[in-house]
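Working notes, beginning with the structure itself.
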2 protein chains.
Amino acid sequence: MKTVYERADIVPLLGEIFRELGYEGTTLSRITERTGIGKGSLYHFFPGGKEEMAAAVLADVDGWFETAIYEPLRQDDARAAIEAMWINVNDYFRSGSRICLVGAFALDETRQRFSPAIRDYFVRWIDALRLALVRTGCSGEAALAAAEEAVSGIQGALVLSRALDERDIFGRTLNRLAERLAAAQSGN
Amino acid sequence: MKTVYERADIVPLLGEIFRELGYEGTTLSRITERTGIGKGSLYHFFPGGKEEMAAAVLADVDGWFETAIYEPLRQDDARAAIEAMWINVNDYFRSGSRICLVGAFALDETRQRFSPAIRDYFVRWIDALRLALVRTGCSGEAALAAAEEAVSGIQGALVLSRALDERDIFGRTLNRLAERLAAAQSGN
DNA sequence: CTTTAATTGTACCGATAGGTACAATACAGA
DNA sequence: TCTGTATTGTACCTATCGGTACAATTAAAG
């Protein structure tokens, strides 16, 4: 009995494992153990080994955010896109029970391997949000500050909700952040 | 040639290594490589091995925050203690170039090993800050929300400043958070 | 200067890390 | 059905993992 995979099917599985175990904590044997995918397949699709796997996951995450969040913020109706962002963020991170892989990689030495990708993810998020805020009539400087505050706040909410292991704190914090952002839109 | 250590001297060194490499990324050989301390000494002071080393570091960090930040928040003049907190936090995290070990451990599977210590660190921080806010005249509910927002915001600032690798963003975010907290003190 | 206990360097251990080689298998197109 | 390519399981490699054992060395007390 043999199961045949495609690269696109494997990447999300790898994503969950890297999220849970971190880069160093993710071993090939644990990947096999959790997914049933053997080394043969893994190195067939990712000849660069573990590092290429993690890079593929980062690119996948980045792509998801690009189409689901950044592009709407840049192109669609600003207020609607911002509102949709909060909903999508809450869904994506499963109300705080799922962490941000990019943020986690930023904290330890893993950052050195992927620093351009990590940096880019956050720069583009902040910039897309900033542009949306400007379109609502917010001044340039205030828009940047508000965008940084929101993106930074989301990362903090993820850390805190995992640390406290409380169901509702992520949603509560997201609501506070959304209110702050709404305040930045109308006035100032 | 032989150097003699004490446990108290080793713990801070281990702290910096765990901070940089994470729990899984920290190996005994890398500890030796960076500190010159061999396995003999390491297992003499920490018979429980790597896990005991990390636990000792967490306890050390916790102790520092307890005396430098939590106790003043509970006992000293509330406004002065809050002001001192922001300065101490900025110093401790070296303007964002040093991460929060407890927050980092919270993100991956390492959390399972130390979840009570991780939880406690944040619960006590939030609670001490909440009490200080109440003493300034802030209502109970608003105080809890503001305390959560501040502690969560600090963690987010650490993630973001590492990810962007920008010198000034940590200080900027801390200033914003301090202003929010100041606003919670006077009114509401 | 001894004695004694605390501390440390070195040599080891089995298990597992990431990675390679390659034959066996599955599958798509002719 | 046959053929060639894509995919996969297995065996194997070296390096290193966390950990143990213990003799050599050090510092402290008398």
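Residue numbering restarts at 1 for every chain, and letters A, B, ... go by the order of the sequence lines.
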Subject >> Nearest-angstrom distance from the residue atom OH of B/Tyr23 to C1' of D/dC17 >> reply: 12 Å

**OP:** Rounded to the nearest angstrom, tell me the gap between atom OH in B/Tyr5 and atom C1' in D/dT25.
**Re:** 15 Å

**OP:** Identify which nucleotide among C/dA17, D/dT8, C/dT8 has an atom closest to any side-chain atom of B/Ser41, counting heavy atoms from C-beta outward.
**Re:** C/dT8

Original post:
A/Glu51 has an atom CD; how far is it from atom C1' of C/dA17, in whole Å?
Top reply: 16 Å

Original post:
Roughly, in whole Å, what's the span from CG in B/Leu42 to C1' in D/dT20?
Top reply: 14 Å

Original post:
Would you say C/dG18 has OP1 or OP2 under 4.0 Å from some side-chain N or O of A/Ser29?
Top reply: no

**OP:** In whole angstrom, give the distance that lies between atom CZ of B/Phe46 and atom C1' of C/dA6.
**Re:** 15 Å

Subject >> Along DNA chain D (nearest heavy atom to each residue), the more 5'-positioned of B/Gly40 and B/Lys50 >> reply: B/Lys50

**OP:** Classify the side chain of A/Lys39 versus the base of C/dG19 as yes if they form a donor-acceptor pair under 3.5 Å and no if they do not.
**Re:** yes

Original post:
Quick one: do A/Arg180 and B/Glu179 make a salt bridge, cutoff under 4.0 Å?
Top reply: no

Subject >> Close residues, residues 10-19 of chain B, relative to DNA chain D [heavy-atom separation under 4.0 Å] >> reply: none

Subject >> Selection from C/dA26, C/dT8, C/dA17 that lies nearest to any side-chain heavy atom of A/Val4 >> reply: C/dA26

Original post:
What is the minimum heavy-atom distance between B/Ala106 and A/Val159, and which atoms define it?
Top reply: CB-O, 4.2 Å

**OP:** Could you work out which one of C/dT8, D/dT7, D/dG18 sits closest to the side chain of A/Phe45?
**Re:** D/dT7

Original post:
Would you say B/Glu51 has more than 12 foreign heavy atoms packed within less than 6.0 Å of its CD?
Top reply: yes

Original post:
With respect to the side chain of A/Tyr43, which nucleotide from C/dA17, C/dG19, C/dA26 is positioned closest?
Top reply: C/dG19

Subject >> Euclidean distance, atom CD of residue B/Glu24 to atom P of C/dT16 [Å, nearest integer] >> reply: 14 Å

Subject >> Rounded distance in Å - CG (B/Leu21) to P (D/dT16) >> reply: 16 Å

**OP:** Scan A/Thr32 against the nucleic acid and name what it touches under 4.0 Å (heavy atoms): base, sugar-phosphate only, or nothing.
**Re:** nothing

Original post:
Going by an N to O cut-off under 4.0 Å, is there a salt bridge joining B/Arg74 and B/Glu71?
Top reply: no

Subject >> Which atom of B/Ala117 lies closest to which atom of B/Leu58, heavy atoms considered >> reply: CB-CD1, 4.5 Å

Original post:
Do NZ/NE/NH1/NH2 and the carboxylate oxygens of A/Glu148 and A/Arg130 come within less than 4.0 Å?
Top reply: no

Original post:
Between B/Glu6 and A/Leu28, which is nearer to the 5' end of DNA chain C once each is assigned its nearest nucleotide?
Top reply: B/Glu6

Original post:
Does A/Glu20 pair with A/Arg30 as a salt bridge, N-O distance under 4.0 Å?
Top reply: no

**OP:** Round to a whole Å and report the spacing from CZ of A/Arg30 to C1' of C/dG19.
**Re:** 19 Å

**OP:** Look at B/His44 and C/dT8 and indicate whether a side-chain polar atom (N or O) is within less than 4.0 Å of OP1 or OP2.
**Re:** no

**OP:** Go through the structure and list residues passing side-chain contact (heavy atoms from CB on, under 4.5 Å) with B/Thr136, not counting sequence neighbours.
**Re:** B/Ala78, B/Arg79, B/Cys138, B/Gln185

